[in-house]
Every structure is written in C-alpha cells, then in structure tokens.
Amino acid sequence: MKELFIGNYGVEQVGQRLTAKGWVANIRNHGKLAFIELRDREGILQVFADSTIADFEKLHDLHKESILAVTGEVVARDERFVNPHIKSGQVELRAEKIDIIADSKALPFELDNHAHAGEEIRQKYRYLDLRREKMTSNLKLRHQVTKAIRNYLDQADFIDVETPYLTKSTPEGARDFLVPSRVFKNQFYALPQSPQMLKQLLMGAGLERYYQIVRCFRDEDLRGDRQPEFTQVDLEMSFVSEEDVRQLVEGMLKAVVKASRGIDMLDDFPTISYAEAMRRFGSDKPDTRFAMELKDLTELSKGNPSLFLQKGLKKANGAVLGICAKGAASAFTNRQMAALKQSVMDFGVAGFATATVENGQITGSLKSTFKEHNAQLLDLFGAEDGDLIFFATGSLKRVQEALGALRLKLAKDLELIDERQLNFLWVTDWPLLEWNEDLGRYQAMHHPFTQGAFEEGSNWQENPEKIMSRAYDIVLNGYEIGGGSLRIHERSVQEAMFELLGMKKADYERDFGFFLEALDYGFPPHGGLALGLDRLVMILAGEENIREVIAFPKNGQGADPMLESPSFVGEHQLADLRLDLRD
Ligand code: ASP
C-alpha cells in the first residue's frame with residue numbers, strides 16, 4: 001500500500017528516498033533530461049530524470065497514462081521553479097530507478113480539464129474520464145457531503161435502515177421500472193421510485209428516526225438534472241411538527257455546506273409560501289440570487305381599452321404581469337428579442353410586449369397604452385432610463401410560468417448571478433391537490449400520503465381545490481433539492497384521500513391494503529423529507545449536469561455507453577421468465 005499519495009508530497013518529504021507510484025499525466029523529454037508529471041488521485045508530482053540513470057531509455061516510447069514506480073530522492077525546487085498551482089509544487093522527485101508497472105495504449109481522448117471531449121466518448125471510457133482532476137474532485141466532494149450527512153444524522157439519533165429494491169408497482173407518481181419474476185408466473189416486481197411507504201412503515205415499526213442514502217428509479221424522460229436512477233437522502237421521523245423536520249434538515253444542509261465549502265451559514269433559511277413564490281418569481285423553486293421580481297399590472301390594466309391588455313384579461317383568471325431588466329435597454333439584438341418573445345409565447349400566453357424607458361417615459365408599442373399610468377408603472381418596477389420592461393398577458397399561471405422562465409434566462413444572459421452564492425429557501429403552504437386535465441381527476445401535488453392542513457372533524461373533502469397541505473420543499477439556487485411532508489396516519493383519512501384521487505375502495509384495498517392495515521395498529525404521527533443528493537452535489541460542485549457528479553451515469557437517452565446497457569438477452573433467459581419479445 002502507498003504510505004503517501006504522491007500528489008501530497010511536500011517539504012516534509014525533502015531528503016527522503018521514496019518510491020512514487022502514479023500515472024504519467026505528461027512527459028517532456030529533452031533528450032538528455034526528462035520531466036514527468038506523475039499523477040495519483042491527490043494530484044501531480046514532478047519527476048525529474050536525467051540520461052545518466054540506467055532506466056532513462058524506458059521513457060522514450062512511453063505513452064501518457066502508463067503507470068510508473070519511480071524511486072528517488074525528494075528535493076526542494078529552486079524558488080524560481082516553485083509551482084503554486086499544484087500541492088506538491090515546492091518539491092520534485094529526482095529519479096534513480098524507473099519501473100513501468102502498466103503500459104497504456106494511446107488514449108481515445110485527452111484527459112486534461114480543458115479538453116472538450118464529447119460526452120459519449122467520455123462515458124464510454126468513463127474510467128479514464130474519472131481520472132481527470134475535476135471528476136475526481138467531484139467524487140471526493142460527493143463523499144464529503146454524504147459523510148457530513150451521515151455524521152449529522154447519527155448525532156441526531158437516526159438509524160440507517162435499508163429497504164428493498166425489488167418492491168411492488170403501485171399507481172400514482174412516475175412510470176415504474178419493472179422486473180419480471182421467474183418464480184411467480186406473469187408477475188413483476190417494481191424498482192422503488194422512493195421508499196415512501198416503507199419508511200412510513202418503519203415509523204409504524206417504532207423506529208422513530210430513520211434515514212437511508214438510497215437509490216430510486218423512475219422511468220421518465222430525461223433532462224440535464226434527471227437520471228433514471230438517482231440517489232435520495234431519505235428520512236422520516238415520528239412525533240414531529242413541520243418545523244421539527246425543517247429545522248433538522250436545515251441543520252444538516254448547513255453541516256454539508258460547512259464540510260464542503262468551509263462556510264458557516266448562520267442565518268435561518270428564508271421561507272415563502274408557494275403562492276408567494278409564484279407571484280414574485282413565477283416559479284415554485286425560485287432562484288433568489290437576483291431580484292427582477294414579477295410585477296402585477298392586472299388591476300391597473302382593467303379599465304384600459306388596449307386590445308393587447310384586454311385579450312389577455314379575457315382569459316380564465318386573466319392577468320397582466322411584467323418584469324424589468326435594469327439597464328438592459330440595448331442589451332439584446334432584434335434577433336435575440338425575437339427569440340425571447342418566442343420563448344414566452346411557447347408557454348401559451350395571450351400576448352407579449354416589451355418597452356424601454358427613455359427620458360422617464362415608457363416607449364415602444366405600449367407608450368400610449370400606459371400613458372396615464374406612466375409614473376405609476378415606473379414606480380412599480382423601480383424603473384429608470386435605460387431599463388427594459390417585458391409584459392405578458394393571459395391566464396395567470398401561464399403568464400407567471402412564462403415570465404418566471406424569462407427571468408432566469410435574462411439573469412443568465414445579463415450575468416446577474418453570483419455563482420458562488422448558495423441561496424437556500426423553504427417553500428411551504430402547497431395546495432394538497434391539483435387538477436389533472438388529461439386524467440380528468442385530482443392528483444396529489446406531493447404524494448397521496450401527505451396530510452392536508454385542515455381542522456380535525458372539518459368537512460375538508462367538500463372543496464378539494466382549497467385544501468392546503470403540510471408539505472414543504474427545499475430549494476437551492478433555483479433547483480428543488482428536496483421535499484417532504486407530514487403524513488396521514490389515520491386509516492379513515494388515508495382512505496378519504498385515495499377516494500379524492502378517484503380511486504375506488506377495491507382499487508386502494510388491492511394496491512395499498514397492506515399499508516392501510518398497518519395504520520390500524522398504533523401508528524404514530526410522522527413526517528419526513530427526501531433530498532436529491534445528485535442535484536445537491538451538482539450545485540455544490542458548480543456543475544450544470546448531474547452526470548458530472550455520478551461515477552457511472554446513464555446518457556441523455558438513459559443508456560450506458562460503457563456497459564452497452566440496456567442490451568438484448570439470451571433466449572434461455574427470456575424462456576425462464578416466459579417472456580416473448582414483440583417488435
Ligand atoms: N418520497 C418523497 C419523494 O420522493 C419525499 C418525501 O415525502 O419524503 O419525493
């Protein structure tokens with residue numbers, strides 16, 4: 001075993017005769033002397049060899065990424081040659097003996113951090129890609145984060161319990177990955193979308209505080225921050241209030257930031273309601289690292305005869321909203337403005353317009369429309385000369401979402417975001433249900449086990465749309481990094497909830513009977529939350545794609561180019577499972 005990683009060699013090793021083992025990151029051979037950058041997971045060590053040593057000629061045809069064992073003396077570098085960019089930059093190893101432990105073929109792509117090899121090739125040779133410093137450091141960061149989480153939860157008396165991966169398919173939520181059973185004819189296991197019911201049953205088992213860093217599986221279409229399998233920090237607690245869960249998680253996230261960034265976050269995370277998040281930011285996961293909030297012009301527009309305004313106000317729940325980009329009056333070309341307009345219209349808004357502010361006046365096509373309200377409008381936006389204002393009209397939710405997305409795009413384009421900042425935010429007071437147009441029924445906004453925020457004994461089912469929930473989301477820099485809720489723990493309430501979701505007694509008895517029965521045996525009140533570990537680490541690593549913080553991720557199509565998975569299987573395997581393939 002190596003006693004010391006070579007990337008950590010320093011002045012303490014000067015004068016020692018050591019054997020350094022590592023990969024050849026680079027070699028400069030000047031004929032009579034050669035400099036080798038030898039790398040291990042902790043960094044680079046410069047090796048210096050001159051032609052007087054017997055092994056010198058071994059260096060002639062050496063490929064990068066071959067592994068060497070170099071024995072020699074660690075010497076201090078002359079001050080002029082100290083390299084401040086690497087940890088071992090004050091020393092180098094003067095080679096006396098060089099052994100080639102493993103040869104490398106010519107590489108399929110360059111491994112330095114700045115080379116832009118395509119993602120497909122990086123994933124095909126993932127074991128090479130992971131040698132890049134950035135990737136190694138992402139994996140180390142992930143380790144620091146999970147270690148901080150485990151330490152924190154251990155101190156808070158949580159018990160780490162594993163739950164099965166071969167579970168049961170239940171309706172609600174995303175599409176399941178199914179696993180055919182060989183033993184039980186025509187029956188299937190499902191991979192868990194989350195251990196939701198199982199962790200609740202662990203509360204029924206009297207564990208009181210459970211956690212697990214667990215893989216979850218959802219067969220959904222993929223995006224940059226989604227993978228078919230992903231990792232959750234899943235936790236559940238008995239006898240708690242929403243505040244208890246949130247405080248616990250907040251403390252845990254602060255411990256993670258301390259461990260990974262060395263920063264003490266002293267302030268409480270801000271909390272806003274779902275309604276306020278939508279109203280101010282047009283998003284249920286607002287990025288609060290910059291302002292540019294949405295402003296509501298609906299009241300001010302009501303008596304206005306402008307067709308642009310009236311067309312939007314006529315829509316169900318019609319609204320006129322705007323946002324103001326400071327100093328951006330001439331930031332965009334016509335083409336860029338057209339693209340921005342299209343991106344807003346794609347949300348299905350009724351109308352979109354822009355205006356600049358010049359000499360204290362709104363200009364452009366809306367100049368006369370808002371003539372009377374010019375001062376009021378400028379005041380509302382806090383707008384000054386040189387600003388650019390965007391207006392959208394139509395159904396409230398669509399306009400909010402459209403401007404919410406525009407707000408993010410503008411912030412990126414105008415470079416308004418301080419990338420070092422970490423803005424956590426709790427979003428609370430969610431509606432319990434939302435209407436699903438396609439299914440023609442309500443669906444749970446969080447999941448069907450979430451408690452509604454209603455008084456005991458009240459007729460809460462009467463007006464389903466109005467019921468609020470005891471759910472909470474945790475947001476970081478505009479990403480939802482987790483969510484949870486207090487749960488239903490009474491059978492009658494859980495059954496009523498299933499019925500609100502359009503299930504018949506026979507259906508929920510079949511799918512959830514085991515769970516409902518458990519509620520009959522002294523089931524404690526409980527609640528919890530799950531964090532998306534990949535997303536959290538992605539943000540802390542300053543990456544934009546979760547694939548960068550997962551050792552062996554799937555590609556954008558959900559395949560693994562290295563394992564060449566998914567793949568066809570043999571006839572006998574299919575026969576065991578009694579499966580026939582169809583085109
Ligand atoms: N199981 C939930 C989810 O995966 C989180 C929770 O409610 O604890 O979203």
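Count residues from 1 along the sequence. Excluded from the calculations below are hydrogen atoms, water molecules and symmetry mates; all remaining heavy atoms, backbone and side chain alike, are included.
Between Asp560 and Ser565, the side chains place no donor N or O within less than 3.5 Å of an acceptor N or O (distance only, hydrogens not considered). In this model, a donor atom of one side chain and an acceptor atom of the other lie less than 3.5 Å apart for Gln200 and Gln196. Arg246 and Ser241 form no side-chain donor-acceptor contact under 3.5 Å, judged by distance and modelled atom types alone.
A cation-pi contact, defined as under 6.0 Å to the ring centre and within 45° of the axis, is absent between Lys412 and Phe290.
Under the 4.0 Å criterion applied to side-chain N and carboxylate O atoms, Arg41 and Glu133 are not assigned as salt-bridge partners. At a threshold of 4.0 Å, the pair Arg407-Asp287 does not count as salt-bridged, since none of the basic side-chain nitrogens sits closer than that to a carboxylate oxygen. In this structure, Asp264 pairs ionically with Lys258, as a charged nitrogen and a carboxylate oxygen lie closer than 4.0 Å. A salt bridge does not link Lys124 to Asp129: none of the charged nitrogens lies less than 4.0 Å from a carboxylate oxygen. Between Glu293 and Arg279 there is no salt bridge, since no side-chain N of the basic residue sits under 4.0 Å from a carboxylate O of the acidic one.
Counting non-hydrogen atoms of neighbouring residues, nucleotides and ligands closer than 6.0 angstrom, the CZ atom of Arg289 exceeds 12 such neighbours. The local environment of NZ in Lys409 is sparse, with at most 12 non-hydrogen atoms from other residues, nucleotides or ligands closer than 6.0 Å.
Here the side chain of Arg535 pairs a donor or acceptor atom with the backbone of Glu480 at under 3.5 angstrom. Judged purely by atom type and a 3.5 angstrom limit, Ser485 has no side-chain atom pairing as donor or acceptor with the backbone of Arg487. No donor-acceptor pair closer than 3.5 Å links the side chain of Ser238 to the backbone N or O of Gly206. Checking side-chain atoms of Arg261 against main-chain N and O of Leu540 turns up a donor-acceptor pair under 3.5 Å.
For the pair Ile36 and Leu68, the minimum side-chain heavy-atom distance is below 4.5 Å. Residues Leu248 and Met237 are in side-chain contact: their nearest non-hydrogen atoms beyond the backbone lie under 4.5 Å apart. Annotation: side chain of Glu242 is in contact with side chain of Tyr472 (closest heavy-atom distance under 4.5 Å).
For Thr288, the side-chain hydrogen bond (donor to acceptor under 3.5 Å, both in side chains) criterion is met by Asn423, not counting sequence neighbours. Partners of Tyr125 by ring-ring contact (aromatic ring centres under 6.0 Å, His included), not counting sequence neighbours: none found. Not counting sequence neighbours, Phe230 has no partner by the ring-ring contact (aromatic ring centres under 6.0 Å, His included) test. With sequence neighbours left out, the ring-ring contact (aromatic ring centres under 6.0 Å, His included) criterion links Phe515 to Phe449. The side-chain hydrogen bond (donor to acceptor under 3.5 Å, both in side chains) search around Asp176 returns Ser169, Gln193, not counting sequence neighbours. In this structure, Thr428 has no side-chain hydrogen bond (donor to acceptor under 3.5 Å, both in side chains) partners at least two apart in sequence or on a different chain. Not counting sequence neighbours, the partners of Glu65 by the side chain to side chain contact (heavy atoms under 4.5 Å, CB included) test are Trp23, Arg39, Ser104, Leu107, Leu111, Arg131.
Sorted by first and then second residue, the pairs that involve residues 154-166 and meet salt bridge (Lys or Arg N to Asp or Glu O under 4.0 Å), not counting sequence neighbours, are Arg150-Asp160. For the salt bridge (Lys or Arg N to Asp or Glu O under 4.0 Å) condition, the pairs that include at least one residue of residues 68-78, sequence neighbours left out, are Asp78-Arg80. Residue pairs meeting the salt bridge (Lys or Arg N to Asp or Glu O under 4.0 Å) criterion with at least one member in residues 205-219, sequence neighbours excluded, are Arg215-Glu229. The salt bridge (Lys or Arg N to Asp or Glu O under 4.0 Å) pairs that include a residue from residues 193-205 are Lys199-Asp234, Lys199-Glu236, where partners are two or more places apart or lie in different chains. Residue pairs meeting the ring-ring contact (aromatic ring centres under 6.0 Å, His included) criterion with at least one partner in residues 524-555, sequence neighbours excluded, are Phe523-His526.
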- Verdict with supporting geometry, Asp40 and Lys2, salt bridge (charged side-chain N to carboxylate O under 4.0 Å, His left out): CA-CA 11 Å; Asp40 71 4; Lys2 287 161 73 168; 3.0 Å; yes
- Task: Report the C-alpha separation of Glu110 and Arg132 in whole Å, then their side-chain angles, then the decisive distance to 0.1 Å, and conclude whether the salt bridge (charged side-chain N to carboxylate O under 4.0 Å, His left out) test is met.
- Result: CA-CA 9 Å; Glu110 281 296 316; Arg132 290 164 57 226; over 6 Å; no
- For salt bridge (charged side-chain N to carboxylate O under 4.0 Å, His left out), just list the numbers for Arg175 and Glu220, CA-CA rounded to whole Å, side-chain angles, deciding distance to a tenth of an Å, and then say yes or no. CA-CA 6 Å; Arg175 198 180 292 119; Glu220 293 176 307; over 6 Å; no
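Aromatic rings of Tyr210 and Phe158 (six-membered ring for Trp) have centroids beyond the 6.0 Å cut-off, not under it.
The two residues Glu401 and Phe347 come nearest to each other via the heavy atoms O-CE2, 3.7 Å.
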